[in-house]
Amino acid sequence: MRTNTLNIITPEGIDFSLRLAGPVTRFLAWVIDAASVIAVFTMLEGLFKAIGALNSDFAVALSILIYFIISIAYRIVLEWFWDGQTVGKRIFQLYVMDAQGLNLQFSQIVVRNLFRFLDSLPGLYLVGGAACLLSSNAQRIGDFAANTIVVWKQSIPEPDLDSVLADKYNSLRVYPHLAARLRQQTTPDEAGVVLQALLRRNQLNPADRVSLFNRIAEHFRTLVVFPQEAVEGQSDEQYTRNVLDILYRK
């Protein structure tokens, strides 16, 4: 059955959901990327004209080859260095991820982009679009081959946190894979609650302050379970502060 979310259960028993990107949004991102590739290719127009003056057939063949190389290299390089994003994906806040929630590998990026030729047949990504519509996880052929998915994640703006976090040590950052899952699990509204609670903590009476941070901390402990050594001895407020640090700071 087709849904717009993907639930992943990790080996540690952690269950988290990802919002899948649909074919329409992915197509719009592809349009922007295609325009970017054409813009880069157009910069070489003078070279092709010069070669065409000598041998027009060779110039045409060379231009087709170079366009293919630019198109593939553009996506591979950006998706690797921008953590699964291209220009189009960044505009629409889309990310390429491993289908099991693991770290995205360079080989997966290469495979999914090499299969673009098949997905683009017979034109305008009709094969890839049909695969997205029929797939339960909105995957095109390249995603199936590379075991990847494309997800939508709303970015959380980074406020001025110096008054809340300063330079305090965050033991949760010792486990970056769990920190990443915490960011994936947390909605912008939940992140906003954490931020406002810490910004206004001094306005609360002691009993309400303890109760509030206990409720917040317990909620986030259910989202992702960190090892005992990472949270041992921490108050609920300190744990909440560490959560805020993960959500808002790179």
Q.
Let me check something: do W30 and F117 share a hydrophobic cluster, defined by ILVMFWY side-chain heavy atoms less than 4.5 Å apart, either directly or through other members?
A. no
Q | Of R215, R241, R221, the residue whose pairing with D236 passes salt bridge (Lys or Arg N to Asp or Glu O under 4.0 Å) | A | R221
Q: Please report the shortest heavy-atom distance between L178 and V224, naming the atom on each side.
A: O-CG1, 3.8 Å
Q: Compare all side-chain heavy atoms of V96 with those of Q85 and state whether any distance is below 4.5 angstrom.
A: no
Q.
If we ignore hydrogens and angles and just use 3.5 Å, is the side chain of Q108 paired with the main-chain N or O of Q105 as donor and acceptor?
A. yes
Q) Does L65 belong to the same Ile/Leu/Val/Met/Phe/Trp/Tyr cluster as Y67, with side-chain heavy atoms less than 4.5 Å apart forming each link? A) no
Q. Could you give the distance from CZ (R209) to CG (N202), rounded to the nearest 0.5 Å?
A. 5.0 Å
Q.
So T186 and F220, do their side chains get closer than 4.5 Å, heavy atoms only?
A. yes
Q.
For the backbone of D245 and the side chain of N170, can you confirm whether one donor and one acceptor N or O come within less than 3.5 Å of each other?
A. no
Q | Side-chain touch D143/R112, heavy atoms, less than 4.5 angstrom | A | yes
Q.
So does R200 get a backbone contact from the side chain of Q203, meaning a donor-acceptor N/O pair under 3.5 Å?
A. no
**Q.** D83 CG: over 12 foreign heavy atoms closer than 6.0 Å
**A.** no
Q. Are the side chain of N205 and the backbone N or O of A207 linked by a donor-acceptor pair below 3.5 Å?
A. yes
Q. How far does CG of N242 sit from CZ of F226, to the nearest 0.5 angstrom?
A. 9.0 Å
Q: Report yes if some heavy atom in the side chain of E218 is under 4.5 Å from a heavy atom in the side chain of N214; otherwise report no.
A: yes
Q.
Test of understanding: clusters of I, L, V, M, F, W, Y form through side-chain heavy atoms closer than 4.5 Å, transitively. Do F68 and I109 belong to the same one?
A. yes
Q: Measure from the side-chain N and O atoms of R201 to the backbone N and O of L198, and report whether any donor-acceptor pair falls under 3.5 Å.
A: yes
Q. Looking only at heavy atoms, which two atoms of I66 and L44 are closest? And how far apart?
A. CG2-CD1, 3.8 Å
Q. Which atoms form the tightest heavy-atom contact between L94 and A21, and what is the distance?
A. CD2-CB, 3.7 Å
(Q) If you compare all heavy atoms of I246 against all heavy atoms of A179, which two are closest, and at what distance to 0.1 Å? (A) CG2-O, 3.6 Å
Q. When you look at R26 and W152, which way does the side chain to side chain contact (heavy atoms under 4.5 Å, CB included) test go after all the steps?
A. CA-CA 10 Å; R26 292 181 64 173; W152 178 87; over 6 Å; no
Q. For the atom pair CG (L212) and OG1 (T240), what is the distance rounded to the nearest 0.5 Å?
A. 8.0 Å
Q.
Can you tell me how far apart CD1 (I32) and CZ (R90) are? Round to the nearest 0.5 Å.
A. 13.0 Å
Q | Chi angles and distances behind the side chain to side chain contact (heavy atoms under 4.5 Å, CB included) call for L247, R183 | A | CA-CA 6 Å; L247 296 180; R183 285 192 292 269; 4.2 Å; yes
Q | Nearest heavy-atom neighbours spanning D33 and G88 | A | OD1-N, 2.8 Å
Q.
Under a 3.5 Å distance rule, please check whether S135 uses its side chain to pair with a backbone N or O of C132 as donor and acceptor.
A. no
Q. If Ile, Leu, Val, Met, Phe, Trp and Tyr residues are connected whenever their side-chain heavy atoms lie under 4.5 Å apart, and connections chain through other members, are I72 and V77 in the same group?
A. yes
Q) Do L104 and W80 have side chains that get closer than 4.5 Å, going by heavy atoms? A) no
Q. N147 side chain to A99 main-chain N or O, any donor-acceptor pair under 3.5 Å?
A. no
Q. For S120, what residues pass the side chain to side chain donor-acceptor pair (under 3.5 Å) criterion, not counting sequence neighbours?
A. none
Q. In terms of hydrophobic clusters joined by side-chain contacts under 4.5 Å, are L118 and I76 together?
A. no
(Q) Could you check whether atom CZ of F115 has more than 12 heavy atoms from other residues, nucleotides or ligands sitting under 6.0 Å from it? (A) no
(Q) As an exercise, state the distance from CD of E79 to CZ of F106, rounded to the nearest 0.5 Å. (A) 10.5 Å
(Q) Could you check whether any side-chain heavy atom of Y239 comes within less than 4.5 Å of a side-chain heavy atom of L172, counting everything from C-beta outward? (A) yes
Q: Report the C-alpha distance between V174 and Y169 in whole Å, list the side-chain angles of each, state the deciding distance to 0.1 Å, and finish with yes or no for side chain to side chain contact (heavy atoms under 4.5 Å, CB included).
A: CA-CA 10 Å; V174 178; Y169 173 72; 3.4 Å; yes
Q) Are the side chains of Y175 and E229 in touch, meaning some heavy atoms are under 4.5 Å apart? A) yes
**Q.** Heavy-atom pair with the smallest gap, counting every atom of Y74 and T86
**A.** OH-CB, 4.2 Å
Q: Could you grab the distance from atom CG of N113 to atom CZ of R75, nearest 0.5 Å is fine?
A: 7.0 Å
